[in-house]
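For reference, the structure is listed below as structure tokens.
Whatever order the structure lists ligands and atoms in, that order sets their numbers, starting from 1.
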Amino acid sequence: MDASTSAPPHAAAPRNVLVIGDGISGLTCAINCAKAGMHVTLASSTVPERAQSVMAAAGINAALGRKDGDNPLSHLEDTMKGGCFIADEQAVAGLCDDAPAIVRWLADIGVPFNRDAAGDIILRAMGGHSHKRTAYAGTSTGKQIVTALTQQSRRYECDGLITYRMNLVFHSALVVDGVVYGALFFDEHLHKLEPILADAVVMATGGQNGVFGKTTGSTLCDGYAAGKLFIQGARLKNLEFIQYHPTTIETPQKRMLVSEAARGEGGRLFYLDGDRRVYFMEDLYGPRGNLMSRDIVSKAIFDAPSQVYLDVTFLGAKAIMQKLPEVYEICLRYGGVDITKDPVPVAPSVHFFMGGFAVDRHHRTNLAHLYAIGECASIYHGANRLGGNSLLAAVHSGRVAAQAIGEDNPAGAPPDLSPLITDATNAVDRVMSSPSRYPAIYVKRDMATIMNRDLGITRDEGRLDRARGDIDYYLDISKKLAFDSDVSPYQAFSLEGMLPLARAIITCAAARKESRGAHIRDDFPENSPDYRYATLISFAEGRYEVEWRPESQAVDVAKDWGER
Ligand SMILES: Cc1cc2nc3c(=O)[nH]c(=O)nc-3n(C[C@H](O)[C@H](O)[C@H](O)COP(=O)(O)OP(=O)(O)OC[C@H]3O[C@@H](n4cnc5c(N)ncnc54)[C@H](O)[C@@H]3O)c2cc1C
């Protein structure tokens, strides 16, 4: 461990760990904690099979270093370049060094990666990577990883080291003077709050999709947990970096992803100029143009003068059905296009959040004994994530956090938490017993409209000011009126976290007066050395405060956790 930031090692007393969220990062952390003899409560709003992780299709990256001479250093260079050089290089080096061992471990526990005749894992090309380094299991990589991890975690459940608690929605942290002692959950079945105390709490709650409404991701990842902890004192980071995936199809409920695997396998983007196809990515960036990083492709599609299409027909029906069956299925079912015969119309959509909890290299947040992993943590992707790196980050961060928890001092005996629990219970009771007042569902719809309208692929001061004014209006209303929902009380109280999160995203986007990666300002089109830093945002006495620090100093445990 890094001597400057580590808390003193602690004698091997078994400790209780609370992991919140059961996607790939949460499962990995739980397994690794249990492996080290810790007792884990794995609490989540849903079962692992429904976590967003199961949607991941294209694959997971590792420089397996074979015929083409790929190595972790090259993976590191590509990741730093893709992230526009603001990610913490040492953390990224740890991620890329760990990647080959992670893929081998996943294969060992049963992930059926596609293999060639010699039995070697096949690697595919993905945007922004200089080598083929994405391992995949058909078109259900995420699902296969979740299945294998769930099987592992069940073994520890049988040993009594992991306890599954499903249908529990995170309500708030039990935090006193900057120290976290556990969390309160809303039981979706019993409609009541339940406290769970722990020596360490790990947030693994995924991205912030809910704030934008329709995205490619799961609405279970609504950003509430990050927003709630933000107003409870957690520092967030780089919220302005929101990845638009270049190729998606609109459906009434959400945007369906046309996986990057389609371009990885040779798919070409074009628009029509009269009858002539213009392969604009190739014209702009040469033969590998279709596989530029997502920020670049999304912006180019956004700027195209007419509808953009993705063409894979030249691969032939057999190869498409072998390599891209899910892409075929999605395009046919949701776009009405048979991609073995015709190009499919595509458009960019919100897909991934580079921002989230500020963490150090051990995944500790600034609140003592609170850790964050997976997509809800911000550390490896800088201003733009490369495809295939987030499954990797989910596994790696779960491993890293588990190790840190085993080495850090536990929180110790909690003070009297009953006032916190009573206040929260009364607030939830008020929501449940109130006559219909301000329908939460309409506020969520308006919030999503505002965010999509003003925080799209490009932004400027005028649109950001307008978004801030509109979200402030709802924040103001929320001080005077309770939100109400006939679906679930959670729908109502979740706005207490989601609206501040939306406001924090807007504040970060307004503060970064340059263009970098996924943050493109029409009024500041160049990137500037003045902003080669992480955007850190805190909530202090009702104010949203931004500060700039190098990524490596986003959390300083010696200072933030203090001598405890
Ligand atoms: C369509 C799609 C395809 C993708 N393909 C790839 C790919 O090929 N390769 C790649 O590297 N990445 C891909 N990604 C991204 C990747 O899947 C995610 O970043 C990653 O799986 C996140 O894992 P996680 O463990 O952080 O969170 P998730 O898997 O999102 O899990 C979060 C968990 O937290 C729970 N939760 C959320 N809020 C609460 C709350 N308030 N209380 C209790 N529980 C809560 C959820 O129910 C869920 O169980 C893709 C994403 C999408 C949307």
- Row check, Tyr136 ring normal vs Arg124 NZ/CZ: under 6.0 Å, within 45°: yes

- Query: Taking only residues two or more places apart in sequence, or in another chain, which ones meet Tyr334 in a ring-ring contact (aromatic ring centres under 6.0 Å, His included)?
  - Reply: none

- Message: Less than 6.0 angstrom separating the ring centers of Phe186 and Phe493, yes or no?
- Response: yes

- Query: Nearest to atom 12 (N) of ligand 1, what protein heavy atom do you find, and at what distance?
  - Reply: Ser390 OG, 2.7 Å

- Query: Which ligand 1 atoms does Gly21 reach within 4.0 Å, using its non-hydrogen atoms?
  - Reply: 33 (C), 34 (O), 35 (C)

- closest protein heavy atom to atom 1 (C) of ligand 1 is Leu257 CD2, 3.6 Å

- Note on the structure: Closest to atom 23 (O) of ligand 1 among protein heavy atoms sits Ser53 OG, 3.1 Å

- Task: Distance to 0.1 Å, residue and atom name: give those for the protein heavy atom nearest to atom 44 (N) of ligand 1.
- Result: Ser45 N, 3.1 Å

- Gly374-ligand 1 polar pair, N/O distance under 3.5 Å: no

- Query: Does the cation-pi check pass for Arg385 over Phe241, that is, NZ or CZ under 6.0 Å from the six-membered ring centre and within 45° of its axis?
  - Reply: no

- Note on the structure: Atoms of ligand 1 under 4.0 Å from any heavy atom of Gly217, numbered from 1 in the order shown, are 53 (C)

- Could you give the distance from CE (Met38) to OH (Tyr156), rounded to the nearest 0.5 Å? 11.5 Å

- Query: At a non-hydrogen distance cut-off of under 4.0 Å, which region of Phe352 contacts ligand 1 (side chain, backbone, both, or neither)?
  - Reply: side chain

- Message: Among all protein heavy atoms in this structure, tell me which lies nearest to atom 32 (C) of ligand 1, with the distance rounded to 0.1 Å.
- Response: Ala204 O, 3.4 Å

- Item | Protein heavy-atom partner closest to atom 39 (C) of ligand 1 - residue, atom, separation in Å | Thr205 CG2, 3.7 Å

